[in-house]
Structures are given as C-alpha cells and as structure tokens.
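Just so it is clear, the values below take in all heavy atoms, side chains as well, and ignore hydrogens, waters and symmetry mates.
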Amino acid sequence: MKLRYAMVCSSNQNRSMESHFLLKREGFDVASYGTGQHVKLPGPSIREPNVYDFGTPYKQMFDDLRRKDVELYKRNGILPMLKRNLGVKLAPQRWQDNAADGPFDVVITFEEKVFDLVLEDLHNRNQVLLKPVLVINLEVKDNHEEAAIGGRLALILCQELDATENWEDTIDDIIDNFEKQQRRKLLYSISFY
C-alpha cells in the first residue's frame with residue numbers, strides 16, 4: 001500500500017530533512033516540516049544561534065552563513081546540511097501551517113516534544129474527513145551522525161508500513177518487531193483528519 005508520509009522535527013533542517021532526503025530518493029510520497037516558532041541553526045556560540053523565519057529559502061541561509069564564516073559552518077556541518085536540503089525542497093516549512101498540504105497517512109517525529117505538538121495540532125484541527133493518521137515518535141538526537149542513523153531507521157519503518165495492506169490492523173506487530181530488531185522504543189498514537 002502506498003502511503004503518504006510527513007517527517008517532522010523542530011526546525012525542518014536536520015532530522016526531518018535527512019529522512020525526507022532518504023525517503024524521496026527511494027520513491028516515497030513524503031514531505032517534511034518543523035514545529036518551532038523559528039528555524040534555529042548553531043552559531044559561533046551557544047548564545048548566538050542563527051535564527052530564520054520558516055519559509056526562508058535554504059539557499060538564502062547557505063549564502064548568509066557562507067558570508068558570515070565559511071570555515072566554521074563547513075567544519076560544524078551546517079553548510080553541507082543546507083546543501084543537501086537545497087536538493088530536497090526550497091525552504092523549511094512549519095507543521096502548524098501545513099493544513100493546505102492535505103492529509104498524511106503517517107507522521108514521523110524525532111523528538112517527544114515535537115510528537116506532542118503534532119498531536120495537539122491535529123486534535124485542534126477540524127476533523128471533517130475522519131481519516132486516520134498514524135503519528136510515531138522515533139527519538140533521535142539533533143546532530144548529524146544521529147540524524148543519519150535516524151533517517152535510515154525511518155526509512156526501514158516506512159518500508160514496513162508500506163508493505164502492509166492495512167497498517168491499522170497490524171500496527172502493534174509492526175511497532176513490536178521494529179523495536180526488537182532496531183532496539184529503539186517508539187511512541188505512537190492515532191489521530192484523525
């Protein structure tokens with residue numbers, strides 16, 4: 001069964017975009033989002049993050065950081081990450097502003113706080129279609145190495161879900177098998193559009 005997927009992290013930069021990149025490459029119907037108020041990227045110090053509005057093109061962020069300190073942002077992996085993002089889509093998008101994108105079958109989040117925000121947002125929307133949406137949290141630290149691992153795990157999970165005729169009948173088994181094989185605990189809930 002071909003499902004429609006959304007990958008969601010805080011800033012739509014690292015974890016959600018790594019997964020979006022991998023799933024898109026494998027032919028999945030996928031989009032990605034962030035739930036934060038702004039897009040935050042590391043700066044020269046912890047007290048000086050680079051803050052952008054959602055919708056600011058990745059290319060504009062790339063050029064801005066390259067102008068500020070090309071060596072720093074190459075070394076910390078931000079420029080290569082933004083370059084990857086450029087090949088996936090134009091700009092980071094905010095989950096709470098995505099209602100016009102239509103319903104998803106599965107939403108994967110990468111942080112429990114983001115999982116809670118997605119569920120809260122879905123609960124607050126008008127649920128007129130009564131179409132179920134599976135929301136899964138796969139906890140992934142927000143760094144480049146963990147995002148790469150998390151992206152591969154999200155791909156495996158999506159392949160398992162796509163291989164089933166009806167995820168609603170088999171979700172407990174899919175989750176249980178994934179947790180045993182990958183040694184990662186998942187949170188999941190079902191909401192509606």
Side-chain angles (χ1 to χ4, degrees), residues 3-26 28-43 46 49-52 54 58 61 73 75-89 91-96 98 104-122 133-162 167 171 174-191:
L3 300 172
R4 188 159 187 249
Y5 295 91
M7 305 291 124
V8 188
C9 66
S10 185
S11 288
N12 197 200
Q13 289 287 347
N14 189 23
R15 297 165 293 179
S16 62
M17 286 301 290
E18 177 67 21
S19 296
H20 188 162
F21 170 75
L22 291 174
L23 268 73
K24 182 179 176 182
R25 189 177 69 194
E26 295 296 321
F28 283 84
D29 182 359
V30 61
S32 61
Y33 303 91
T35 57
Q37 293 299 314
H38 301 282
V39 173
K40 290 183 184 173
L41 293 171
I46 195 124
N50 292 287
V51 179
Y52 301 95
F54 279 95
Y58 291 117
M61 293 178 210
Y73 295 112
R75 190 173 58 249
N76 69 8
I78 300 300
L79 289 179
M81 178 187 74
L82 288 169
K83 196 168 187 177
R84 177 208 57 213
N85 295 354
L86 279 163
V88 176
K89 65 182 196 176
Q93 296 169 274
R94 191 163 183 261
W95 169 263
Q96 294 88 331
N98 87 340
F104 293 94
D105 298 299
V106 179
V107 178
I108 297 180
T109 64
F110 299 94
E111 182 178 339
E112 191 169 348
K113 177 180 76 172
V114 173
F115 176 79
D116 292 340
L117 287 168
V118 166
L119 286 173
E120 180 183 324
D121 180 69
L122 287 167
V133 55
L134 175 63
V135 183
I136 301 172
N137 186 63
L138 169 63
E139 197 70 25
V140 175
K141 286 186 181 138
D142 194 6
N143 63 52
H144 302 299
E145 297 78 23
E146 286 293 315
I149 293 166
R152 287 191 300 276
L153 292 173
L155 175 60
I156 290 166
L157 184 56
C158 294
Q159 288 169 330
E160 290 292 320
L161 289 164
D162 248 26
W167 65 259
I171 189 57
I174 291 170
I175 296 290
D176 190 45
N177 289 338
F178 180 88
E179 288 179 338
K180 284 178 184 164
Q181 290 175 353
Q182 305 303 328
R183 296 188 178 136
R184 294 269 187 142
K185 287 300 268 179
L186 300 175
L187 288 177
Y188 72 99
S189 184
I190 297 172
S191 191

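- With Lys40 contributing its side chain and Pro49 its backbone, the two residues share no donor-acceptor pair below 3.5 Å.
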task = For Gln159 and Leu155, run side-chain contact (heavy atoms from CB on, under 4.5 Å): C-alpha distance rounded to whole Å, both residues' side-chain angles, the deciding distance at 0.1 Å, then the answer.
result = CA-CA 6 Å; Gln159 288 169 330; Leu155 175 60; 3.9 Å; yes
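- Nearest heavy atoms, Pro92 versus Ser11: CB-O, 3.8 Å.
- Between Ile175 and Ile136 there is a side-chain heavy-atom pair separated by less than 4.5 Å.
- From Phe28, atom CZ reaches atom OG of Ser19 across 11.5 Å, with rounding to the nearest 0.5 Å.
- Heavy-atom minimum distance, Phe178 versus Leu153: CE1-O, 3.6 Å.
- Residues Val107 and Trp95 form a side-chain contact, since some pair of their non-hydrogen atoms from C-beta on lies under 4.5 Å apart.
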request  = May I have the step-by-step check of side-chain contact (heavy atoms from CB on, under 4.5 Å) for Met17 and Val88, ending in yes or no?
outcome  = CA-CA 8 Å; Met17 286 301 290; Val88 176; 3.5 Å; yes
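- Note that CG of Leu3 and CG of Leu134 are 9.0 Å apart. Values are rounded to the nearest 0.5 Å.
- Without hydrogens or angle criteria, Gln93 side chain to Phe54 main chain gives no donor-acceptor distance under 3.5 Å.
- Atoms CG and NZ, on Asn137 and Lys113 in that order, are 12.0 Å from each other to the nearest 0.5 Å.
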message = I'd like to know whether Lys185 forms a salt bridge (Lys or Arg N to Asp or Glu O under 4.0 Å) with Glu112, so could you lay out the CA-CA distance, the side-chain angles of the two residues, the decisive distance to 0.1 Å, and finally the verdict.
response = CA-CA 12 Å; Lys185 287 300 268 179; Glu112 191 169 348; over 6 Å; no
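- Nearest heavy atoms, Gly34 versus Asn12: N-CB, 3.5 Å.
- Gln13 and Asn85 share a donor-acceptor pair across their side chains, judged by distance under 3.5 Å alone.
- Between atom CG of residue Leu157 and atom CG of residue Leu23 there is a gap of 9.5 Å, rounded to the nearest 0.5 Å.
- A salt bridge does not link Glu146 with Arg15: none of the charged nitrogens is closer than 4.0 Å to a carboxylate oxygen.
- Shown here for His38 and Val51, the closest heavy-atom pair between the two residues is CB-CG1, 3.6 Å.
- Residues Gln181 and Ile156 have side chains not in contact (no heavy-atom distance under 4.5 Å, counting atoms from C-beta outward).
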task = Check step by step if side-chain contact (heavy atoms from CB on, under 4.5 Å) holds for Ser16 and Val114.
result = CA-CA 11 Å; Ser16 62; Val114 173; over 6 Å; no
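- Residues Asp29 and Phe104 have side chains not in contact (no heavy-atom distance under 4.5 Å, counting atoms from C-beta outward).
- To the nearest 0.5 Å, atoms CE (Met7) and NZ (Lys24) are separated by 14.0 Å.
- Atom NZ of Lys89 is surrounded by more than 12 heavy atoms from other residues, nucleotides or ligands within 6.0 Å.
- Considering Arg152, Arg84, Met81, His144 in turn, Arg84 is the only one that fulfils the side-chain contact (heavy atoms from CB on, under 4.5 Å) rule with Glu18.
- Counting heavy atoms from C-beta on, the side chains of Asp142 and Glu111 never come closer than 4.5 Å.
- With values rounded to the nearest 0.5 angstrom, Asp121 atom CG is found 11.5 Å from Tyr33 atom OH.
- Looking at Glu179, its side chain does come within 3.5 Å of a backbone N or O of Leu186 through a donor-acceptor pair.
- When side chains are defined from C-beta on, Tyr73 does not count as touching Leu41, because their heavy atoms never get closer than 4.5 Å.
- Minimum heavy-atom separation, Arg184 to Glu139: NH1-O, 3.0 Å.
- A distance-only check finds a donor-acceptor pair linking the side chain of Asn14 to the backbone of Asn143 [under 3.5 Å].
- Heavy atoms only, all atoms of each residue included: Pro42 and Ile78 are closest at CD-CD1, 3.6 Å.
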